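What follows is a set of notes on a single structure, which appears directly below.
In this text, all values refer to a predicted model and were calculated from it rather than measured experimentally.
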2 protein chains.
Amino acid sequence: MSSLGSKWKPVIVMVINDRKLRFGQIAARIHVISRKVLTDQLREMVEDGLLIREEFKELPPRVEYTLTEKGLALLPILNLLEDWERNYETKEVLAEA
Amino acid sequence: MSSLGSKWKPVIVMVINDRKLRFGQIAARIHVISRKVLTDQLREMVEDGLLIREEFKELPPRVEYTLTEKGLALLPILNLLEDWERNYETKEVLAEA
DNA sequence: CGGTATCCTAAAGGATACTG
DNA sequence: CAGTATCCTTTAGGATACCG
């Protein structure tokens, strides 16, 4: 299960979703992550076959990320995990009330 | 997603499954985990509402763990994750051959 | 803009010995 | 048997400054 590795990779997968996002856009949507960690995670995810990285040799530089088929296949599973968490989180809160 | 916390909790959930297992049985099935870490993880999982811990005041002591409804609900999702991993692991190996 | 490089801290995980 | 207690190493993650 540690194929997901860090706590950030699932978040990044869900943020990118079926879109094509630039580095800055990803950073903006996960504003609590440091640039270094985001860079690290993105590089590892490319190595893991989760992401495709497209670099445009322009100035200023532009880099776009999309999910691979493997990454896309992970999306519904992560959604289930979110549902699971929300579902039981709610029950605990209600139980306390 | 870090509701799953450590790298061990999903493993423990899958090992216990729908059974009732003693501390030693869990340890034996995850032989690479240290006793301290297993103890830590089990305690946290009880706090998280994933596990039920039954302690029998005998000598020698006996402690049995079962999944809660919340823990059981996690099982099919973890199975999907395993399938996902196996599926794309295979493809990469084939691609190298 | 999208990174590196450097340094640092906190926390996860582990080895080993001991206990009720 | 099922833990505690203690100590230690490794790693994830972050702050900050600089670069092409």
Check the pair A/Ile77, B/Ile77 against side-chain contact (heavy atoms from CB on, under 4.5 Å), reporting the backbone distance first and the verdict last.
CA-CA 7 Å; A/Ile77 304 176; B/Ile77 304 177; 4.2 Å; yes

Tell me which of A/Arg43 and A/Pro61 sits closer to the 5' end of DNA chain C, going by the nucleotide each one is nearest to.
A/Pro61

Do side-chain atoms of A/Trp84 reach the backbone of B/Lys70 as a donor and acceptor pair under 3.5 angstrom?
yes

Partner of A/Leu21 under side-chain contact (heavy atoms from CB on, under 4.5 Å), chosen from A/Ile12, A/Ile26, A/Leu67, A/Thr66
A/Ile26

What's the [atom1]-[atom2] distance between [X] and [N], to the nearest Å?
| X | N | atom1 | atom2 | answer |
| --- | --- | --- | --- | --- |
| B/Glu55 | D/dA2 | CD | P | 10 Å |
| A/Arg62 | C/dG3 | CZ | P | 13 Å |
| B/Ile30 | C/dG13 | CD1 | C1' | 14 Å |
| B/Gln25 | D/dG3 | CD | P | 13 Å |
| B/Phe23 | C/dG20 | CZ | P | 18 Å |
| B/Met45 | D/dG3 | CE | C1' | 17 Å |
| A/Arg53 | C/dC1 | CZ | P | 16 Å |
| B/Leu38 | D/dA2 | CG | P | 10 Å |

Just distance, no hydrogens or angles: give the donor-acceptor pairs under 3.5 Å from side chains in residues 27-42 of chain B, sequence neighbours left out.
residue : atom : partner : partner atom : Å
B/Ser34 : OG   : B/Val37 : N            : 3.3
B/Lys36 : NZ   : B/Asp40 : OD2          : 3.3
B/Thr39 : OG1  : B/Arg35 : O            : 2.7
B/Asp40 : OD1  : B/Arg43 : NH2          : 3.2
B/Gln41 : OE1  : B/Ser6  : OG           : 2.5

Side chain proximity check, [X] to [Y], heavy atoms < 4.5 angstrom:
| X | Y | value |
| --- | --- | --- |
| A/Asn79 | A/Met14 | yes |
| B/Leu74 | A/Leu81 | yes |
| A/Gln25 | A/Arg19 | no |

If an axis is fit to five pairs at each end of the helix from C/dC1-D/dG20 to C/dG20-D/dC1, what is the angle between the two, to the nearest 10°?
50°

Reading nucleotides 8-19 of chain D 5' to 3', which nucleotides get B (base under 4.0 Å from a protein heavy atom), which S (sugar-phosphate only), which -?
-----BBB----

Of the options D/dA2, C/dT4, C/dG2, whose atoms approach the side-chain atoms of A/Thr39 most closely?
C/dT4

Hydrophobic cluster identity match, A/Met45 and A/Ile52, side-chain contacts under 4.5 Å
no

So what does A/Tyr65 touch, heavy atoms closer than 4.0 Å: a base, only the sugar-phosphate, or nothing?
sugar-phosphate

Verdict with supporting geometry, B/Ile16 and B/Leu51, side-chain contact (heavy atoms from CB on, under 4.5 Å):
CA-CA 10 Å; B/Ile16 297 185; B/Leu51 288 184; 3.6 Å; yes

